[in-house]
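Each remark here refers to the structure printed beneath this line.
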Protein chains: 2
Amino acid sequence: MPYRASSLTEGQTLPDTARETTLKRPRARDNRQPKLALGLLPDLIGYSLRKAQIAVFQNFQNAVAPHDITPGQFGVLILIRENVGLSQSELGSAVGIDRSTMVAVIDRLESRGWVVRAPSPNDRRSYALELSPAGTALVEDLIPRVRAHERTMAKDLNKQEQAILIDLLNRVSRAS
Amino acid sequence: MPYRASSLTEGQTLPDTARETTLKRPRARDNRQPKLALGLLPDLIGYSLRKAQIAVFQNFQNAVAPHDITPGQFGVLILIRENVGLSQSELGSAVGIDRSTMVAVIDRLESRGWVVRAPSPNDRRSYALELSPAGTALVEDLIPRVRAHERTMAKDLNKQEQAILIDLLNRVSRAS
DNA sequence: TATTGTTATACTCTATAACTATA
DNA sequence: TATAGTTATAGAGTATAACAATA
């Protein structure tokens, strides 16, 4: 595999702002190489969002380790599993990508033997997507790993904070 | 311009969870077409993160409208402005991308007349990146637009909630 | 010998436009 | 006429490997 999506042109390091918890901690290691001035970036939600996104993506890859699958592919597998008979176009508009883009997405999942393009009973133009037995087994195997990954990413947040984070993120999503 | 990065294979719609604020609102419009079952996705931080990311990215594009620039390019311009004389390699490691990738990033910004590859005074192997006058003017023009964009994205969060969101995101970034 | 920028190569994600088969 | 899947084409973003110039 070539690349391995890492970060993006957004800035990586971050100066420690906010959170005065555990005041009396003896200034433990905080050796993330800052050095660079970040200007207004640390105040932007998009900037923090992007950094968190990168961290989550990379940890996901490790968490599902033996399997080579991206968070996006996992999402598609879940949607197919939860909505049997979905067509490519429906799936595409659900995840917000063009149907021409969805072709290659399904191609990859199909060539790995996880997804089947079954004929749609009603409409001969479209497929009824479904998981193969291997795809079903894969998802079963992935779910506990993904849950463990989730616990890792949220390990410094208590239950309430996790719920708050998701709620705040959802409100940002709806704000645009 | 071709594509216009929109979303990704992660799932778009979302069922309304949490937040019982304003109980007596008469069930206003909430017509985001759900229909699809999302399984465990809405419980995953990565899923909400991705949706928020997409919303922010798209709104950013609108907010800087006359200019065609991505959040990532904006971030790079800010870093160059705040750290004059930065080399491509330093910039690359700051934003977490390979120096070979940074070449094309700077190529684009340079071809648009915003960034200059000035000779480094100390090291003849590297460049001292700086903004051109046009690049400086661009950034000056962008900053208020980006701040307005930020207000749009955070319009349903009060000041405290915004700070909490950024803090929680930073903690997630550090968790991996 | 190590580092900086570069090029060659490759792969994913994304889009638009046009085509085929079907509705 | 409209829709589902497809292909052709294009561009951004990402990586690794190798090379030249310089340290």
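Residue numbering restarts at 1 for every chain, and letters A, B, ... go by the order of the sequence lines. Side chains are part of it too, since the values below use all heavy atoms of this structure and drop only hydrogens, waters and symmetry mates.
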ask   = What are the residues of residues 123-130 of chain A, sorted by number, that bring a heavy atom to within less than 4.0 Å of DNA chain C?
value = A:D123, A:R124, A:R125

request  = Using whole Å, report how far CG of A:D107 lies from P of C:dT14.
outcome  = 15 Å

ask   = Between A:D98 and B:R99, which has a closest nucleotide on DNA chain C that is more 5'?
value = B:R99

ask   = Between atom CE in A:M102 and atom C1' in C:dT14, what is the gap in whole Å?
value = 12 Å

side-chain N/O B:Q73 vs D:dA12 OP1/OP2, d < 4.0 Å = no

query = A:I106 has an atom CD1; how far is it from atom P of D:dG5, in whole Å?
reply = 10 Å

Interatomic distance where CD belongs to B:Q53 and C1' belongs to C:dT14 [whole Å] = 15 Å

query = A:I97 has a side chain; which of D:dG5, C:dA15, D:dG13 sits nearest to it?
reply = C:dA15

query = Of all residues at least two apart in sequence or in a different chain, which pass the side chain to side chain contact (heavy atoms under 4.5 Å, CB included) check with B:N122?
reply = B:S120

message = Just the rounded figure in Å: distance from P of D:dG5 to CD of A:E110.
response = 12 Å

Partner residues of A:D141 under the salt bridge (charged side-chain N to carboxylate O under 4.0 Å, His left out) criterion, sequence neighbours left out = A:R145

message = Just the rounded figure in Å: distance from P of C:dT12 to CZ of A:R112.
response = 9 Å

query = Rounded to the Å, how far apart are A:L91 CG and C:dC13 P?
reply = 14 Å

Side-chain N or O of B:R50 closer than 4.0 Å to phosphate OP1/OP2 of C:dC13 = no

note = Here the side-chain hydrogen bond (donor to acceptor under 3.5 Å, both in side chains) pairs for residues 124-133 of chain B, sequence neighbours left out, are B:D123-B:R125

message = Should the side chain of A:S100 and the base of C:dT14 be counted as holding a donor-acceptor pair, with the cut-off at 3.5 Å?
response = no

message = Under the rule for salt bridge (charged side-chain N to carboxylate O under 4.0 Å, His left out), what residues qualify as partners of B:E82, not counting sequence neighbours?
response = none

query = Taking only residues two or more places apart in sequence or in another chain, which ones pass side chain to side chain contact (heavy atoms under 4.5 Å, CB included) with A:D98?
reply = A:S100, A:T101

inquiry  = Counting C-beta onward and ignoring hydrogens, is there a side-chain heavy-atom pair between A:L169 and A:L49 closer than 4.5 Å?
reply    = yes

query = With a 4.0 Å cut-off on heavy atoms, is A:T101 in touch with a base, just the backbone sugar-phosphate, or nothing at all?
reply = base

query = Under 3.5 Å, is there a donor-acceptor pair linking the side chains of A:R108 and A:Q73?
reply = no

task = Using whole Å, report how far CG of B:N122 lies from P of C:dG5.
result = 12 Å

